[in-house]
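Following: one structure in C-alpha cells, then a few remarks.
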Amino acid sequence: MPTAIPAASKGAKTDVLVEAGVTITHPERVISKTGHITKGELAEYHAAIAPLLLPRISRHPLSLLRCPSGIDGKQCFFQRGPGRGLGKNVHTFDFQHKGKHYEYLYIEDERGLLEVIQMGAIELHPWGASIDAIDYPDRLILDLDPAPEVPFEALKLAATDLRQRLKKKGLDCSLKCSGGKGLHVTVALAGKDRWPEVKAFGAAIAEEMVSAAPEAYIATMSKAKRTGKIFIDYLRNDYTATAVADYGVRARPGAPVALPLAWEELRELKSASGFTMKDVLKRLKSRKPPAQPKGQVLPS
C-alpha cells in the first residue's frame, strides 16, 4: 500500500508518496487538467498495474516520453538513453548495429517502473525484442492509423479484416486500443524470426489489404495520400522502432490508457482512447485481462 510521509526538504509544502520503496516527489502535481490527474495517481496506477505491464516491457529497451511539467505543458520529450536523474533500478543497454553504437534504457521490476514515473515519464514505448535476444522480435505489431475523417466503425472493420487475414495464415492475434486514435493488432512471436523477416511479413499483409481495398487502406506514410484512408503501419517492426506499452498511459488530455481488449469487445467499442486509469483498474476487478497468445513462428 502507498504511504504518504512528510517531505524532507525544509519548508516543503507537500508530501511525498512511497510506492514499493520508491519515493514519488510532488504527488499532488497535476499532470492533466482534464480529469485533474496527479503525479501521485499516475504512480499508484503503475504500482497496481505492474503485474500486467511488466511482463510486456521488462528487459526490453524503452523510449520514454517525459513530461516534467505535465501533459498540458510544452516540455515533453523522448528519452532513450542515459541521463541525469535516473534511479538505480533503471539500467542501460549498450549494443552495436550496422556499425552504429546505441545506448537504451530498460527496467526489470516494479521499482524500475516507478523510478521512471518519478522522473516525469508518462508514456512507455518498448522495443519489440528483449535485450537478451535483440535481433529476434517477440511480437509483430500492425498499427491501424485512421485519417481524421475516417469513422471509427470503419477502423473496427479494418481490425476484423486484419484478424481474419492473419487467421488464414495460421496466426492468432490480439487487439489493443492505442489510447490515441488507432487500434493495434499484435501477433506474439516465438523469437525465431529476425527483424527483416518480421518487417517483410508485416509489409506483405499491409500490401495485401491495400490491394483488396485501395479506397480504404494505404501502406505508405505519405499524409498527402491518406485522406479518407487507414494507414496500415507495419513500420513499427523494425530495428529501434517502438510502440506504446500495453496498459501504458498516453500523454494526452485525461491520460487515456492503451488497453488490451478481448476481440468480442470490439463490437461495442466507441473509441480507441475511451479508457482512463480509473476505468482500467475498475474493470480489472470484475474482468480477467485478455490472455496473451503464445509465441508463434511466421509462415514461410
Side-chain angles (χ1 to χ4, degrees), residues 34-35 45 49 52-53 55-56 139-189 201-202 205-219 226-234 236-237 243-250 252-296:
T34 303
Y45 169 79
I49 211 73
L52 292 176
L53 192 156
R56 301 160 192 253
R139 68 201 72 170
L140 163 72
I141 297 177
L142 292 163
D143 178 6
L144 302 177
D145 184 8
E149 62 278 3
V150 173
F152 192 66
E153 289 301 311
L155 189 65
K156 290 161 63 173
L157 290 173
T160 301
D161 181 6
L162 177 52
R163 183 192 187 194
Q164 291 172 344
R165 292 177 186 277
L166 290 168
K167 189 174 183 179
K168 288 179 180 178
K169 297 180 186 299
L171 297 171
D172 291 328
C173 59
S174 57
L175 175 69
K176 178 174 72 179
C177 288
S178 70
K181 59 182 180 177
L183 297 172
H184 291 186
V185 175
T186 302
V187 176
L189 299 177
F201 183 87
I205 287 285
E207 291 296 344
E208 179 182 305
M209 294 179 71
V210 172
S211 296
E215 73 287 353
Y217 304 133
I218 189 169
R226 287 175 60 184
T227 302
K229 298 182 180 182
I230 297 168
F231 173 35
I232 315 297
D233 184 0
Y234 64 90
R236 297 180 183 276
N237 304 292
V244 67
D246 291 3
Y247 299 100
V249 175
R250 303 308 303 270
R252 300 169 183 261
V257 174
L259 181 65
L261 299 172
W263 278 102
E264 55 266 27
E265 295 183 85
L266 183 62
R267 181 187 297 272
E268 302 299 327
L269 193 64
K270 303 299 181 185
S271 165
S273 59
F275 296 95
T276 66
M277 291 185 286
K278 289 181 180 179
D279 292 333
V280 173
L281 295 178
K282 182 179 179 180
R283 71 182 257 130
L284 287 175
K285 290 181 179 179
S286 58
R287 179 195 295 266
K288 286 187 176 181
Q292 187 80 347
K294 293 183 178 179
Q296 303 154 91

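Residues: numbered from 1 along the sequence shown.
Of the possible polar contacts, none joining the W263 side chain to the T160 backbone as a donor-acceptor pair under 3.5 Å is found. With hydrogens and angles ignored, the 3.5 Å screen pairs a side-chain donor or acceptor of K156 with a backbone N or O of L269. A donor-acceptor pair under 3.5 Å links the side-chain atoms of R250 to the main chain of S178, judged by distance alone. Using modelled atom types, one side-chain atom of R139 and one backbone atom of R56 make a donor-acceptor pair closer than 3.5 Å.
Under the rule for a side-chain hydrogen bond (donor to acceptor under 3.5 Å, both in side chains), N237 has no partner lying at least two apart in sequence or in another chain. Residues satisfying the salt bridge (charged side-chain N to carboxylate O under 4.0 Å, His left out) test with E264, not counting sequence neighbours, are none. Under the side-chain hydrogen bond (donor to acceptor under 3.5 Å, both in side chains) criterion, D161 pairs with R165, Y217, not counting sequence neighbours. With sequence neighbours left out, R236 forms a salt bridge (charged side-chain N to carboxylate O under 4.0 Å, His left out) with D143, D233. Under the side-chain contact (heavy atoms from CB on, under 4.5 Å) criterion, S271 pairs with S273, sequence neighbours left out. Listed by chain and residue number, nothing satisfies the salt bridge (charged side-chain N to carboxylate O under 4.0 Å, His left out) test with K167 (two or more places apart in sequence, or in another chain). Applying the side-chain contact (heavy atoms from CB on, under 4.5 Å) criterion to A216, with sequence neighbours excluded, gives A213. Residues passing the side-chain contact (heavy atoms from CB on, under 4.5 Å) test with L281 are Y45, A48, I49, sequence neighbours excluded. Taking the side-chain contact (heavy atoms from CB on, under 4.5 Å) definition, one finds that T34 meets it with S32, P253, sequence neighbours left out. With sequence neighbours excluded, no residue satisfies side-chain hydrogen bond (donor to acceptor under 3.5 Å, both in side chains) with S174. Partners of K229 according to the side-chain hydrogen bond (donor to acceptor under 3.5 Å, both in side chains) rule, which considers only residues two or more places apart in sequence or in another chain, do not exist here.
Annotation: side chain of D145 is in contact with side chain of R226 (closest heavy-atom distance under 4.5 Å). The side-chain heavy atoms of L52 and D246, taken from C-beta on, include no pair separated by under 4.5 Å. Two residues are said to be in side-chain contact when any heavy atoms from C-beta on lie closer than 4.5 Å; I205 and K169 meet this criterion. Side chains of M277 and V249 form a contact here, defined as non-hydrogen atoms less than 4.5 Å apart.
Rounding to the nearest 0.5 Å places CG of L189 at 7.5 Å from CD of Q296. Atom CG of L284 and atom CG of L259 lie 7.5 Å apart (nearest 0.5 Å). Atom NZ of K176 is separated from atom CG of L144 by 12.0 Å, given to the nearest 0.5 angstrom. One distance of note links CG of L166 with CG of L140; it measures 7.0 Å at 0.5 Å rounding. Once rounded to the nearest 0.5 Å, the distance linking CD1 of I218 with CD1 of I232 reads 10.0 Å.
The shortest non-hydrogen separation linking Y247 to P290 is OH-CD, 4.1 Å. In plain terms, the two heavy atoms of A219 and E207 that are nearest each other are CB-OE2, 3.7 Å. Residue G202 comes nearest to L142 through the heavy atom pair O-CD2, 4.0 Å, listed as atom of the first residue, atom of the second, then distance. Considering every non-hydrogen atom in both C177 and F275, the closest pair reads SG-CE1, 4.2 Å. Here the shortest heavy-atom pairing between A245 and A258 reads O-CB, 3.6 Å. Across all their heavy atoms, P146 and G182 have their closest contact at CD-CA, 3.9 Å.
Annotation: E149, atom CD; neighbour count of heavy atoms from other residues, nucleotides and ligands within 6.0 Å is above 12.
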Chi angles and distances behind the side chain to side chain contact (heavy atoms under 4.5 Å, CB included) call for I230, L155: CA-CA 7 Å; I230 297 168; L155 189 65; 4.1 Å; yes
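Residue pairs meeting the side chain to side chain donor-acceptor pair (under 3.5 Å) criterion with at least one member in residues 278-289, sequence neighbours excluded, are E265-R283, T276-D279.
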